[in-house]
Amino acid sequence: MRPGDVIQTKRDRGELSPAQIDAFVRAAARLDGSGWEKYHLTALLMAIYLNGMTPAETAHLTRAMADSGKRLDLAELGGSKVDKHSTGGVGDKTSLVLGPLAAACGVFVPMMSGRGLGHSGGTLDKLESIPGFNVNLTEEQVIDTLRALKMALFGQTPEVAPADKTLYALRDVTATVESIPLITASILSKKLSEGIGGLVMDVKTGRGAFMKTHSQSRALADSLVKVGTANGLCMCALITAMDTPLGRYVGNSLEVIESIETLKGNGPSDLTELSVILAARMVELAGIAPRAEAEGKVREALASGAGLDVFRRSIEQQGGDPRVIDDYSHLPHTSSTVLVTTDRTGYVTTMDAEKVGIAAHRLGGGRSRAEDGIDHAVGVICRAKPGERVRPGDTIFEVHYRDGASLVNAMPLLASAFEIGDAPPAPQPLIVEELS
Ligand code: URA
């Protein structure tokens, strides 16, 4: 099969056959002298970006990408394995809260996570702020950890969905990232590799999200549910607001602190509610309880401390220092903080999640290239959030920084990241829509 013919099919708005998709994915997984070069791959990516794919094409692409690498085989564990995936947001630390809660309710949670890229954070970076925590688990270690705790938190190995690695790197530099079928296949191929039976998607929408509008987010959620279902997953997708940071803490170590506080029952209401609802959907998809009961089970796991106990044992099991649960001084922290205050009386009306995320990134908490290092200690605490009343001199942001140069880059963004008005803003729903 000649690559040019495959590209021409999609260029002329035709439907790619399974064999054509397989050839493309095989080539992406390993450029192996089959006649496909990187320029063929990028030309086809652009044709897909411009002309889209049918649900059947996207479903086949997803399956082929998952099959391009290793899939975890968790059959020996029995039970239901369910994960949650978020399209990425600022202060989005729900994985650290809902994973332990769902596991405490009996769901197996094989949570293969990613690192932060751009202004949104990544679960692996947050976990690695816990001294000693090992996210590089072998398949055997994942299975042992799941057997012991029902939850394993780990990173993707090079053997998982290698076609996605090549295609994502090419999309990143050829303006073809924002394509619903390509995003769908990229996300779901990795999730299918986890050996799960169910997946709860948290599709973020708004200023701090990858998808800025409701209609874009809905199209992505719809595609994820259809394609996941076509590949045998029990799916549900929530579209959730990401105009404002989730919770108050943004930055790796800071987000671990807020997650632990939430598991102790002291979390902010938005983070607590979203974590409980997402965990409840995991319990439901696992077949452990119907929707009406699932939420109560999760709230009980939170109130009893069972979720916190799973997180403590998970830290121990994966080599981390469990003293962080009771004493946050064992987490990386900066010795310098500075406050951003307001000179007005009124209500916080907006807080721009994207600007806060970029500020945390500029402080050193994020990376611009996959190989960059990060500073786990830096970040921003939102001391006042939309709807809250402030007076002159009140703190809006508490900035944890390491050096003056990074602070100079971050401060202008934070100074323009909020607005104060005379009246409180209309309350915005956190869960905008649900598809299943
Ligand atoms: N996240 C992914 O894993 N892939 C995409 O294409 C976009 C977001």
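Whatever order the structure lists them in is the order used to number ligands and atoms, beginning at 1. As a basis for the values below, the full set of heavy atoms in this structure was taken, side chains included, without hydrogen atoms, waters or symmetry mates.
Under 4.0 Å from any atom of ligand 1, one finds heavy atoms of residues Tyr168, Arg171, Ile183, Ser186, Ile187, Lys190, Phe210.
Considering only heavy atoms from C-beta on, Leu153 stays 4.5 Å or farther from Lys126 through its side chain.
Closest of all the heavy-atom pairs between Met65 and Ser68 is O-OG, 2.7 Å. Taking all atoms of both residues into account, the shortest heavy-atom contact from Val107 to Val82 is CG1-CB, 3.8 Å. The nearest pair of heavy atoms linking Arg402 to His333 is NH1-O, 3.8 Å.
Between the side chains of Lys204 and Thr240, a donor-acceptor pair is found at a separation under 3.5 Å.
The aromatic rings of Phe397 and Phe418 sit perpendicular, their planes meeting at an angle over 60°, well past the 30° parallel limit.
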